[in-house]
Amino acid sequence: MTYPIRQIDESAWPSINRVAEEAFSWTPAPGQSARYKAQTEFDRSLAAFDGEEMIGHTSSYGFTMTVPGARVPVAGVTWVGVLPSHRRRGVLSSLMRAQLADLRDRGEHVAALYASESSIYGRYGYGRASSHLSFRIDKPGSAFVRDRPQDPALRIRVVKPADVRSDIEKLFASVVARRPGRYDHNAAFWDSVLGDEDFDQHGAGPLRGLLAEDDGGVRGYALFRVQQKWTDGIADGELRLRGVEATDPAAYALLWRSLLDRDLVSQVVAHGRPVDDPIIALLADQRRLRVAVQDELWVRLVDVDRALASRAYTTPVDLVIEVEDDVCPWNAGRHRLTGGPSGATCEPVDDAPDVTLPVAALGSAYLGDGQLDEHLAAGLLREHSPGALRALAVAMSWSPKPWCGSGF
């Protein structure tokens with residue numbers, strides 16, 4: 001059976017909420033639902049219907065995201081779900097295909113998402129494009145290396161984040177272009193980042209903040225909550241990091257030192273941090289950083305030629321890439337990529353390919369995480385010209401490593 005898909009408007013919000021509640025087994029608080037509604041771009045929302053009943057939904061945000069050497073429009077795919085009663089009927093596949101066609105019609109050539117389950121989106125051409133860390137640092141073992149950066153002009157100011165929102169937004173805007181995967185936040189997203197309702201706190205108390213500043217202004221901020229706990233009469237609190245940003249290493253180190261030195265706290269817990277987070281190098285005993293690694297952004301090239309031509313490359317590259325793409329057939333075929341640190345071109349050709357690979361592999365490498373070698377070792381790619389895959393992998397790699405740090 002085929003289920004029609006159509007664009008929806010704000011009047012469909014109760015149905016969107018219902019699909020999300022059932023698909024994710026989740027019940028939002030009233031204020032939480034209102035916040036998500038304010039973030040939703042209804043002109044970018046599609047839904048599948050069985051008669052008059054909405055049975056599936058997907059939407060996206062129109063972001064400007066940092067990619068290697070550039071900032072480009074990216075569709076941030078979100079709110080993807082299907083009612084349990086209609087699973088395994090092709091509803092999700094139809095929604096994904098319709099959304100990708102819609103994004104192409106809009107002229108958007110890259111899509112990105114956070115996956116609720118990592119096994120879902122590869123079949124639609126998305127590749128794991130970044131990873132992130134979750135870690136705990138015990139306060140007793142948190143000494144820094146001796147040569148850590150310091151600036152006597154810096155000082156820490158304790159703040160209520162909502163009171164210094166303009167400083168936080170300005171600081172974030174100054175660093176967002178430094179790392180692939182990061183995107184500009186609009187007012188609705190900042191409302192969520194700085195939200196401090198009961199459903200934001202998860203039992204860890206109000207949002208707290210630190211500013212690192214000098215006489216010239218703010219050079220960094222940290223956002224966190226503290227869950228108070230006492231064990232046998234000894235303070236055993238947990239500081240839960242919500243975000244830390246800085247314009248320079250000295251400000252970053254000072255913010256972290258202030259977090260780790262917090263009174264009545266025995267450990268700092270951080271989720272969703274970059275895999276090359278500078279705190280790793282700052283710790284004198286890196287074994288004190290207990291780490292778990294998980295996938296973060298998944299990226300899909302909606303238009304291969306435009307996407308590959310929109311970023312820079314670490315080293316010169318001139319290769320013919322044969323792309324396999326059965327979801328977006330306009331991408332299937334051979335493309336000559338010519339580029340380097342200053343930019344690139346990519347266009348269809350009939351020449352013999354140097355490499356053949358699925359579009360998801362290009363998505364996994366697009367932000368610079370450099371996963372093409374492991375795809376080749378796993379037998380998922382084909383190399384026709386010796387050394388071509390290695391040349392492509394090196395050219396597409398980037399430093400710093402990609403990281404988004406802000407779920408959507």
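When all heavy atoms of Gly209 and Leu223 are compared, the pair lying nearest together is CA-CD2, 4.5 Å. When all heavy atoms are compared, the tightest approach of Arg336 to Asp318 is NH1-OD1, 2.8 Å. The minimum heavy-atom distance between Cys346 and Leu308, with the atom names listed, is SG-CD1, 3.9 Å. Across all their heavy atoms, Val359 and Leu301 have their closest contact at CG2-O, 4.1 Å. Listed here is the closest heavy atom pair of Leu95 and Ile5: N-CD1, 3.6 Å. In terms of heavy atoms, Pro180 sits closest to Pro400 at CD-O, 3.8 Å.
Between Arg123 and Ser93, the side chains place no donor N or O within less than 3.5 Å of an acceptor N or O (distance only, hydrogens not considered). Asn17 and Ser33 form a side-chain donor-acceptor contact under 3.5 Å, judged by distance and modelled atom types alone. Between the side chains of Asp305 and His335, at least one donor-acceptor pair of N or O atoms lies under 3.5 Å. Side-chain contact of Arg44 with Ser59: a donor-acceptor pair under 3.5 Å is absent, judged by distance alone. Defined by atom type and a distance below 3.5 Å, a donor-acceptor pair is missing between the side-chain atoms of Glu296 and Ser131.
Between atom CD1 of residue Ile55 and atom OG of residue Ser15 there is a gap of 12.0 Å, rounded to the nearest 0.5 Å. Here CZ of Arg179 is found 11.5 Å from SG of Cys404. Values are rounded to the nearest 0.5 Å. Atoms CZ and CD, from Arg155 and Glu213 in turn, are 5.0 Å apart once rounded to the nearest 0.5 Å. Note: Arg242 CZ to Leu207 CG = 7.5 Å, rounded to the nearest 0.5 Å. Atom-to-atom distance recorded for Leu83:CG and Asp50:CG is 9.5 Å, nearest 0.5 angstrom. Note that CG of Leu381 and OG1 of Thr356 are 9.0 Å apart. Values are rounded to the nearest 0.5 Å.
Counting only heavy atoms from C-beta outward, the side chains of Val317 and Leu337 approach each other to under 4.5 Å. Side-chain contact between His185 and Ser406: present, with at least one pair of heavy atoms (C-beta onward) separated by less than 4.5 Å. Here the side chains of Leu113 and Tyr126 are in contact, with some heavy-atom distance below 4.5 Å. In this structure, Glu324 and Arg382 have side chains that are in contact, with non-hydrogen atoms separated by less than 4.5 Å. Using a 4.5 Å heavy-atom cutoff, the side chains of Asp191 and Gln39 are not in contact. Considering only heavy atoms from C-beta on, Phe224 comes within 4.5 Å of Leu259 through its side chain. Annotation: side chain of Thr58 is in contact with side chain of Met96 (closest heavy-atom distance under 4.5 Å).
Note: Trp256 and Phe135 have tilted aromatic rings, judged against thresholds of 30 and 60 degrees for the angle between ring planes.
In this structure, Arg89 is not positioned above the aromatic face of Tyr3 in the sense of NZ or CZ being under 6.0 Å from the six-membered ring centre and within 45° of the axis. Judged by the 6.0 Å and 45° rule, Arg311 forms a cation-pi pair with Tyr313. A cation-pi contact, defined as under 6.0 Å to the ring centre and within 45° of the axis, is absent between Arg300 and Tyr124.
With Ser130 contributing its side chain and Leu297 its backbone, the two residues share a donor-acceptor pair below 3.5 Å. Listed for the Gln371 side chain is a donor-acceptor partner under 3.5 Å among the backbone atoms of Arg128. At distances below 3.5 Å, at least one donor-acceptor pair connects side-chain atoms of Lys139 with backbone N or O atoms of Arg262. Looking only at distances, no side-chain donor or acceptor of Asp325 sits under 3.5 Å from a matching main-chain atom of Trp330. Side-chain atoms of Asp248 come within 3.5 Å of backbone N or O of Ala251 as a donor-acceptor pair.
Counting heavy atoms of neighbouring residues, nucleotides and ligands inside a 6.0 Å radius, atom CG of Asp105 exceeds 12 of them. Within 6.0 Å of CZ in Arg87 there are 12 or fewer heavy atoms belonging to other residues, nucleotides or ligands. More than 12 heavy atoms of other residues, nucleotides or ligands shown are found within 6.0 angstrom of CD on Glu374. Other residues, nucleotides and ligands place no more than 12 heavy atoms under 6.0 Å from the CZ atom of Arg390.
Ion pair Asp285/Arg288 flagged as a salt bridge, since at least one NZ, NE, NH1 or NH2 atom sits closer than 4.0 Å to an Asp/Glu carboxylate oxygen. Lys401 has a carboxylate O that lies under 4.0 Å from a charged side-chain N of Asp369, or vice versa, which qualifies the two as a salt bridge. With respect to Asp326 and Arg97, no salt bridge is recorded, no charged nitrogen being found less than 4.0 Å from a carboxylate O. One finds a salt bridge joining Arg18 and Glu53 here, because a Lys/Arg side-chain nitrogen approaches an Asp/Glu carboxylate oxygen to under 4.0 Å.
Taking the centre of each ring, Tyr183 and Phe408 come in below the 6.0 Å mark. Taking the six-membered ring for Trp and the full ring otherwise, the centers of Phe189 and Phe63 sit less than 6.0 Å from each other. Taking the six-membered ring for Trp and the full ring otherwise, Trp398 and Trp403 have centroids separated by 6.0 Å or more.
Arg240 pairs in a side chain to side chain contact (heavy atoms under 4.5 Å, CB included) with only one of the listed residues (Gln267, His271, Gln201, His202), which is His202. Just one residue in the list Arg225, Arg208, Lys160 forms a side chain to side chain donor-acceptor pair (under 3.5 Å) with Asp196, and that residue is Arg225.
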_Steps toward salt bridge (Lys or Arg N to Asp or Glu O under 4.0 Å) verdict (Arg104, Glu108)_ = CA-CA 6 Å; Arg104 187 195 186 206; Glu108 297 175 352; over 6 Å; no

